Amino acid sequence: MSVDLNHTIVHARDKRESAEFLAHVLGLATGTEWGPFIPVTTANGVTLDFASVPAESIVTQHYAFLVSDEEFDAAFGRIRQAGITYYADPHLKQPGEINHHHGGRGLYFKDPAGHGMEIITRPYGSPG
């Protein structure tokens, strides 16, 4: 039996703003609005379906994206160009820095709804 994550719903104050923000940072496209959702699909076929909800009902989540070194460089460039604050750590104590965990590179940033976003070039637990 094979089990794959297919999609998840990401709550946002403004679904278009959040979907376009993440798509821009990651170099992806937003999909066609479908019902209450604006999808952003990753290379492994997982779709993040952004949905607008009242701001007070948003419970912030963490989303981590495994990217190649080239994709990291491109995303990091877009993050800096857009003036997005980024951090080396999930507790947001090391602003303006990246980390080198597991023999790769990583960073954290917030999306417009306050969700914690992470890009990494090596999976957790990789020999470093």
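Residue indices begin at 1 and follow the sequence shown. As the structure is a computational prediction, the values presented were derived from the model and not from experiment.
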I'd like to know whether Thr42 forms a side chain to side chain contact (heavy atoms under 4.5 Å, CB included) with Leu48, so could you lay out the CA-CA distance, the side-chain angles of the two residues, the decisive distance to 0.1 Å, and finally the verdict. CA-CA 8 Å; Thr42 64; Leu48 294 110; 4.0 Å; yes
If hydrophobic clusters are built from ILVMFWY residues whose side chains come within less than 4.5 Å, do [X] and [Y] share one?
X: Phe50; Y: Trp34; value: no
X: Tyr87; Y: Ile79; value: no
X: Val53; Y: Val10; value: no

Determine whether Arg122 and Pro127 make a side-chain contact, defined as any pair of heavy atoms from C-beta on separated by less than 4.5 Å.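 Side-chain contact under 4.5 Å: yes.
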For the atom pair CD1 (Ile84) and CZ (Arg78), what is the distance rounded to the nearest 0.5 Å?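 Here the rounded value is 10.0 Å.
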Spacing of CG belonging to Leu66 relative to OG1 belonging to Thr121, to within rounding of 0.5 Å: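 With rounding to 0.5 Å, CG (Leu66) is 7.5 Å from OG1 (Thr121).
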Please verify the inter-ring angle class for Phe72 with Phe76; under 30° counts as parallel, over 60° as perpendicular, anything in between as tilted.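 It falls in the tilted class, 30° to 60°.
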Within the distance-only criterion (no hydrogens, no angle test), does the side chain of Arg13 pair as donor or acceptor with the backbone N or O of Ser18 below 3.5 angstrom?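 Answer holds: no.
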Quick one: do Met117 and Phe65 satisfy side chain to side chain contact (heavy atoms under 4.5 Å, CB included)? Show the steps, please. CA-CA 8 Å; Met117 301 290 172; Phe65 301 92; 3.9 Å; yes
Pairs under 3.5 angstrom only: tabulate donor-acceptor contacts from the side chains of residues 20-30 to other protein residues two or more places apart or in another chain.
unit_1: Glu20; atom_1: OE2; unit_2: Arg16; atom_2: NH1; d: 3.3

Counting only pairs under 3.5 Å, give me each side-chain donor-acceptor contact of residues 103-116, with atom names and distances, residues two or more places apart or in other chains.
unit_1: Arg105; atom_1: NH1; unit_2: Asp73; atom_2: OD1; d: 2.7
unit_1: Arg105; atom_1: NH2; unit_2: Asp69; atom_2: O; d: 3.3
unit_1: Arg105; atom_1: NH2; unit_2: Asp69; atom_2: OD1; d: 3.4
unit_1: Arg105; atom_1: NH2; unit_2: Asp73; atom_2: OD1; d: 2.9
unit_1: Tyr108; atom_1: OH; unit_2: Glu118; atom_2: OE2; d: 3.0
unit_1: Tyr108; atom_1: OH; unit_2: Tyr124; atom_2: OH; d: 3.2
unit_1: Lys110; atom_1: NZ; unit_2: Gly114; atom_2: O; d: 3.3
unit_1: Asp111; atom_1: OD1; unit_2: Ala113; atom_2: N; d: 3.0
unit_1: Asp111; atom_1: OD1; unit_2: Gly114; atom_2: N; d: 3.0
unit_1: Asp111; atom_1: OD1; unit_2: His115; atom_2: N; d: 2.8
unit_1: His115; atom_1: ND1; unit_2: Gln61; atom_2: N; d: 2.9
unit_1: His115; atom_1: NE2; unit_2: His11; atom_2: O; d: 2.7

What pair of heavy atoms forms the shortest contact from [X] to [Y], and how long is it?
X: Ile38; Y: Gly31; result: CG2-O, 4.1 Å
X: Ala88; Y: Asn99; result: O-ND2, 2.9 Å
X: Ala12; Y: Ile58; result: C-CD1, 3.6 Å

Does atom NE2 of His62 have more than 12 heavy-atom neighbours from other groups under 6.0 Å away?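 Counting other residues, nucleotides and ligands, NE2 of His62 exceeds 12 neighbours.
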Applying side chain to side chain donor-acceptor pair (under 3.5 Å) to Asp49 and Thr47, what does each step give before you reach the verdict? CA-CA 6 Å; Asp49 291 321; Thr47 302; 5.2 Å; no
